[in-house]
Amino acid sequence: YLYNVYNSNITNNTLTSSAEESLYIRLSANITARNNTVIGSSNERAFITHNNLAGSWAVYDSNNFTAGSSQTAAYLYYDYSDVNFTNNYVYSPDAIAGYYQASNNVYSYNNTFESGTSYAFDVYGTSGLLSIDDTATSGSNIAYYFYGTNDSRIYNLTASSGGSTSVYIRGVGAADNNSFYNLNSSADNAVYFRGTTGATFYDCIALEGSSYDFFANADGGSNATFVNCTIGPKYVYANNNLTVKWWGETIVNDSNGYLG
């Protein structure tokens with residue numbers, strides 16, 4: 001338990017607990033945790049950060065976070081520092097594996113989130129998330145749950161689920177100005193919208209829904225734009241908007257072969 005700790009490194013450890021969090025960092029600043037194995041129990045989360053200080057930074061790199069039964073593996077909770085969460089393996093057998101809640105300015109790179117029966121990854125009430133090359137896999141639930149989050153950029157996400165939905169985007173009031181680039185998503189519903197606004201998808205790698213590539217439910221208020229994405233079966237309830245665009249390039253030559 002690190003409380004009010006500054007400028008510290010946690011490296012090459014194996015951390016386990018049968019009763020409390022295995023690694024808990026709170027009200028701290030400028031922390032590096034690298035190459036650790038953090039194993040939780042059925043009583044508490046494996047790893048949690050809480051109320052770390054604005055204007056500071058944290059690096060969580062190349063760790064293995066494994067939860068016990070019914071617990072989250074890695075939880076960034078109201079973390080006000082600038083977080084680099086990179087190259088981590090995050091697993092829970094039957095609860096949310098990775099959870100970013102109200103933690104702004106997170107850089108998430110090349111992480112693998114896996115859950116057996118719950119969400120692989122959940123981002124809630126967050127602003128300014130930059131995610132690159134993350135993978136989210138759920139055996140029977142939502143792979144990537146994006147809830148009430150604004151001004152975020154998601155690049156090269158691979159999400160898959162053996163259940164109903166791979167990427168689930170939901171608004172709390174509104175989830176504005178979010179962009180997904182090069183999405184690869186597969187499940188019963190590849191992309192599911194519920195009461196959200198302002199999400200744009202560019203240059204999708206694949207949308208593979210066994211029922212629907214895109215589904216916007218009856219809550220309404222969704223505005224989804226797909227640019228250079230092939231969308232197959234889709235279901236859009238009334239009061240939702242779906243826009244599909246294609247970028248093209250036109251070259252015009254005159255009879256002498258000169259560009260016009």
Side-chain angles (χ1 to χ4, degrees), residues 1-3 10 13-28 31 33 35-52 58 60-79 83 85-103 106 108 110-126 129 131 134-149 157-170 172 185-189 192 194:
Y1 182 38
L2 278 69
Y3 178 78
I10 309 159
N13 298 287
T14 297
L15 305 173
T16 64
S17 174
S18 61
E20 302 293 337
E21 294 85 357
S22 298
L23 178 58
Y24 191 163
I25 303 172
R26 184 180 179 195
L27 287 171
S28 297
I31 303 295
N35 295 324
N36 299 288
T37 298
V38 184
I39 302 172
S41 70
S42 60
N43 295 303
E44 284 294 349
R45 304 169 184 90
F47 168 61
I48 182 171
T49 70
H50 184 202
N51 281 346
N52 288 323
Y60 309 116
D61 177 65
S62 301
N63 302 287
N64 183 320
F65 300 113
T66 299
S69 177
S70 304
Q71 293 295 336
T72 292
Y75 189 13
L76 307 184
Y77 180 59
Y78 285 86
D79 194 326
V83 175
F85 194 83
T86 59
N87 303 306
N88 300 292
Y89 177 73
V90 184
Y91 173 75
S92 176
D94 52 7
I96 297 169
Y99 196 179
Y100 302 168
Q101 180 176 359
S103 298
V106 176
S108 182
N110 196 38
N111 301 290
T112 297
F113 302 95
E114 294 184 2
S115 178
T117 59
S118 186
Y119 306 167
F121 178 81
D122 187 340
V123 55
Y124 172 64
T126 289
L129 170 65
S131 168
D134 285 334
T135 299
T137 305
S138 175
S140 60
N141 211 312
I142 296 167
Y144 196 89
Y145 190 53
F146 202 79
Y147 188 10
T149 291
L157 170 66
T158 298
S160 62
S161 172
S164 64
T165 300
S166 180
V167 175
Y168 191 122
I169 301 176
R170 182 179 180 185
V172 179
S185 178
S186 60
D188 188 32
N189 298 304
Y192 187 103
R194 179 179 177 185

| request: Report yes if some heavy atom in the side chain of Tyr192 is under 4.5 Å from a heavy atom in the side chain of Arg170; otherwise report no. | output: no
| query | Any side-chain heavy atom of Ser70 within less than 4.5 Å of one from Asp94? | reply | yes
Could you report the tightest heavy-atom contact between [X] and [Y], atom names first, then the distance?
| X | Y | value |
| --- | --- | --- |
| Glu21 | Glu44 | OE2-OE1, 3.2 Å |
| Ala102 | Thr126 | N-OG1, 3.3 Å |
| Ser161 | Ser166 | CB-CA, 4.3 Å |
| Val106 | Leu129 | O-CD1, 3.4 Å |
| Ala46 | Thr66 | CB-O, 3.6 Å |
| Ser41 | Ser17 | CB-O, 3.2 Å |

Can any side-chain N or O of [X] pair as donor or acceptor with the backbone N or O of [Y] at less than 3.5 Å?
| X | Y | result |
| --- | --- | --- |
| Thr112 | Thr135 | no |
| Thr137 | Glu114 | no |
| Asn36 | Asn13 | yes |
| Asp188 | Thr165 | no |
| Ser92 | Gln71 | yes |
| Asn52 | Ser28 | yes |
| Thr72 | Ala97 | no |
| Ser115 | Ala95 | yes |
| Asn111 | Asn88 | yes |

Would you give the length of the straight line joining atom [atom1] of [X] to atom [atom2] of [Y], rounded to the nearest 0.5 angstrom?
| X | Y | atom1 | atom2 | value |
| --- | --- | --- | --- | --- |
| Ser103 | Tyr77 | OG | OH | 9.5 Å |
| Ile31 | Tyr60 | CD1 | OH | 7.0 Å |
| Ile39 | Leu15 | CD1 | CG | 9.0 Å |
| Asp134 | Leu157 | CG | CG | 7.0 Å |
| Tyr89 | Asn63 | OH | CG | 14.0 Å |
| His50 | Leu76 | NE2 | CG | 12.0 Å |

| field | CA sep, side-chain torsions, deciding dist, call: Tyr24, Arg45, side chain to side chain contact (heavy atoms under 4.5 Å, CB included) | value | CA-CA 9 Å; Tyr24 191 163; Arg45 304 169 184 90; over 6 Å; no
So, [X] and [Y]: side-chain donor and acceptor under 3.5 Å apart, yes or no?
| X | Y | result |
| --- | --- | --- |
| Asp61 | Thr86 | yes |
| Asn141 | Ser138 | no |
| Tyr75 | Gln101 | yes |

| request: Give the ring-plane orientation class for Tyr144 versus Phe146, where under 30° counts as parallel, over 60° as perpendicular and anything between as tilted. | output: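 Ring orientation, 0 to 90° scale: parallel.
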| query | Hey, what's the ring geometry for Tyr168 with Tyr145, parallel, tilted or perpendicular (30° and 60° as the breaks)? | reply | perpendicular
| request: Taking atom OH of Tyr78 as the centre, report whether more than 12 heavy atoms of other residues, nucleotides or ligands fall under 6.0 Å from it. | output: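 Check fails, neighbour count at 12 or below.
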| message | With a 6.0 Å cut-off on the ring centroids, do Tyr100 and Phe121 count as close? | response | yes
